[in-house]
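First the structure, in the form of structure tokens, and then the observations on it.
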Amino acid sequence: MSELSSDPGSTPTASASFESWGRYPTYSAKIIPINWQNDFPGVIAGVHDGALPVGMGRSYGDVCLLKDGNLLLTTGMNRLLNFDSETGVLTAEAGATLAQILDFSVPRGFFLPVSPGTKYVTLGGAIANDIHGKNHHVAGAFGSHVTEFELVRSDGTRKICSPTENLDYYAATIGGLGLTGVITWAKLRMKPIVSRMIDYEGIQFHGIDEFLDLTKQSEKIEYTVSWIDCASTGKNFARGVFMQGDHSKVPAELKQSPEPKLVFPFDAPGFALNHTTVSMFNTAFFHKQVKPRVTALQDYEPFFYPLDKVLHWNRLYGRNGLLQFQYAIPWESAREGTIAILKEVAKSGLASFLAVLKAFGDVPSPGMMSFPQPGITLALDFPIKADKSFPLFERLADMTRDFGGKLYPAKDAAMTAAQFQAFYPQWEQFARYRDPLLTSSFWERVTGDRPTL
Amino acid sequence: MSTSPASTTALQTSTGPQKILVLGATSGIAEATCRIWAKQGARLFLVARNGDKLAAVAADLKTRGASYVDTAVADLDDTTQHPTLLAHAINSLTGMDVAYLAHGVLGEQPQAEQDFGHAAQILHTNFIAPVSLLTWLANYCVQRHAGVLAVISSVAGDRGRKSNYLYGSSKAGLSAFLGGLRNRVDREGVTVLTIKPGPVKTAMTAGMKGSEKFADVDKVAQTIVAAIDKRRDSLYVPFQWQPIMFIIRNIPESIFKKLNL
């Protein structure tokens with residue numbers, strides 16, 4: 001009943017299980033808030049069991065977890081420090097979420113340069129995972145639009161990182177999974193818009209070749225993404241809906257977004273998502289679009305963040321949680337690899353509720369460990385079934401490797417150390433930039449490395 | 001909830017943006033409240049102990065749309081500085097419509113039980129210092145026959161409990177002082193608002209067990225802004241604390257002393 005917020009100087013901490021979005025695995029850790037740019041490393045003085053900066057916990061697996069360690073929660077460090085309405089450059093603290101940034105910027109006529117499928121991620125998390133969006137083929141990944149940031153190391157040194165200053169730490173931190181230090185603030189180059197609306201077009205396709213044709217025809221459209229039905233076989237194999245859009249050029253009122261209303265209220269029972277229900281959903285989704293091609297003027301919220309409307313939609317997957325599997329396979333083997341992996345998924349009988357297919361472009365990211373690369377990326381969601389999911393993931397990861405691709409750490413809780421090291425051969429070079437105090441359960445899993453201090 | 005959501009009606013006492021003095025501007029509740037005022041284009045004068053934190057808060061509020069932001073780094077425990085500080089703040093703001101007192105310490109109850117020095121420190125920060133500030137501010141407002149003094153007390157002041165009775169008694173004293181002050185200045189056109197928050201989900205408590213049940217700091221801030229705009233006398237945030245505290249205040253002492261609260 002005491003008023004806990006009255007004094008930022010007395011910082012209560014508690015040991016709690018911090019859930020990632022996939023709710024698997026679950027580890028308990030001590031949560032230490034980083035509310036101010038000068039809190040780190042002071043708040044962690046005397047700590048000897050490793051730490052990891054975390055934000056909203058929207059990564060799916062264990063990149064935002066540290067078993068029995070210290071999670072440095074940055075969401076209170078969320079101030080907007082400056083906005084230059086001439087250049088569109090926003091300076092914000094790393095714990096600011098993309099939702100908070102949009103609430104601020106959209107009424108002023110600016111949009112995120114790159115946005116993932118949820119706006120409930122922090123700026124620091126977006127940099128640390130070098131997230132990508134529906135405009136990767138024209139804009140590249142998030143890191144390409146981060147012009148400068150401050151990185152604080154556990155020895156107290158503070159580095160300004162940019163393409164012209166401390167370039168090595170700039171490259172290691174973008175896509176560096178929070179392991180190179182704590183990002184306190186960053187400068188993000190925003191993009192001018194004149195309307196909240198998106199000129200949307202949805203096109204049904206049947207099979208990967210039609211998808212590739214549509215991808216080619218849409219090179220100049222800013223945003224493209226496809227939903228794909230991965231439960232169907234036979235003549236419906238790899239059918240889907242290709243969704244594309246541009247910011248509307250027709251000036252309109254730029255008001256703030258309403259708050260989300262729906263909250264998925266409970267853990268769905270284990271049987272809620274099975275092959276039958278997912279097939280029914282997929283068939284319904286495919287035919288929701290009654291014509292092969294539809295156009296519409298759509299608000300940016302449902303276009304970019306269809307699932308954010310339902311807070312905690314991850315509960316749909318039940319208490320066991322869900323896992324995503326996301327690969328990027330280069331163009332040489334993208335078609336063949338995608339077909340083979342979709343067939344393997346269909347054969348497994350494990351349901352993937354949301355399968356998202358997208359072509360990555362060739363805009364390079366400054367990030368040393370960045371995930372996106374030219375080719376095709378496919379993201380699949382699976383509810384976790386202990387005996388069946390992990391053997392499937394292992395097969396899929398091996399297939400990905402054989403097709404010259406790699407997996408996305410932000411969506412992973414399953415790849416082996418050998419697989420990771422094959423996907424990211426630069427990992428040893430990257431490890432030289434890791435802060436000695438910082439680690440994650442992911443990093444320990446894929447490198448076998450836990451710092452002893 | 002009886003209050004209308006996010007009332008943004010500005011005070012009608014002066015023309016132009018509201019002029020607001022915030023004491024303890026780096027506290028979680030104060031910062032959330034100031035963001036609402038910044039969005040409305042208010043003029044803000046911010047006071048806090050830590051210069052770096054204050055600079056970050058000031059930059060944020062300026063970026064979000066405050067028409068004017070000035071700051072002073074000060075330890076409000078030093079009551080001798082209050083008259084100079086407050087005069088400077090009001091001069092900088094070119095007047096004052098609202099003074100918002102949000103500073104305070106939770107303290108360490110176990111330590112305060114053994115060490116009167118610590119107990120006295122809690123009482124000084126949470127009670128003596130606000131009395132000094134409010135005495136000066138109330139006299140300023142009375143002269144102008146206008147102004148709102150909005151002060152964060154706590155539900156913990158409604159009844160002493162063994163888990164935090166030093167903090168609680170400092171807030172009880174503050175609440176009683178505010179009641180008396182209100183009784184004195186109401187007829188002079190001055191509003192005194194006693195704000196009694198329950199546990200609030202700030203950045204600091206996020207991720208803790210049980211913190212999902214704490215009040216959302218942005219909603220608390222919206223409620224406070226609405227109460228100031230409506231010139232209310234007192235406020236429990238969230239409102240559920242009003243019936244809860246009614247019950248807690250009325251538990252007979254013979255029973256209450258045996259409870260683990």
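None of these values were measured; they are calculated from a predicted model. Naming: A, B, ... by sequence-line order, numbering from 1 per chain.
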Nearest heavy atoms of B/Ala59 and A/Leu81, plus distance in Å: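 Distance-wise, the nearest heavy atoms are CB-O, 3.6 Å.
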Contacting region of B/Glu31 [heavy-atom separation from chain A under 4.5 Å]: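 Contact with chain A involves the side chain of B/Glu31 alone.
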Is any side-chain heavy atom of A/Arg79 less than 4.5 Å from a side-chain heavy atom of B/Arg35?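 Side-chain contact under 4.5 Å: yes.
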Is there a donor-acceptor pair under 3.5 Å between the side chain of B/Asp60 and the backbone N or O of A/Leu80?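 A pair under 3.5 Å: yes.
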Contact leader toward chain A among B/Lys62, B/Gln109, B/Arg64, where contacts are heavy-atom pairs under 4.5 Å: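 The option with the most such pairs is B/Arg64.
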Please state whether the side chain, the backbone, both or neither of A/Phe83 comes within less than 4.5 Å of a heavy atom of chain B.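 It is both, since atoms from each part get that close.
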Nearest-0.5 Å distance that lies between atom [atom1] in [X] and atom [atom2] in [Y]:
| X | Y | atom1 | atom2 | result |
| --- | --- | --- | --- | --- |
| A/Arg108 | B/Thr63 | CZ | OG1 | 8.5 Å |
| B/Thr26 | A/Trp36 | OG1 | CH2 | 5.0 Å |
| B/Asp52 | A/Asn38 | CG | CG | 4.5 Å |

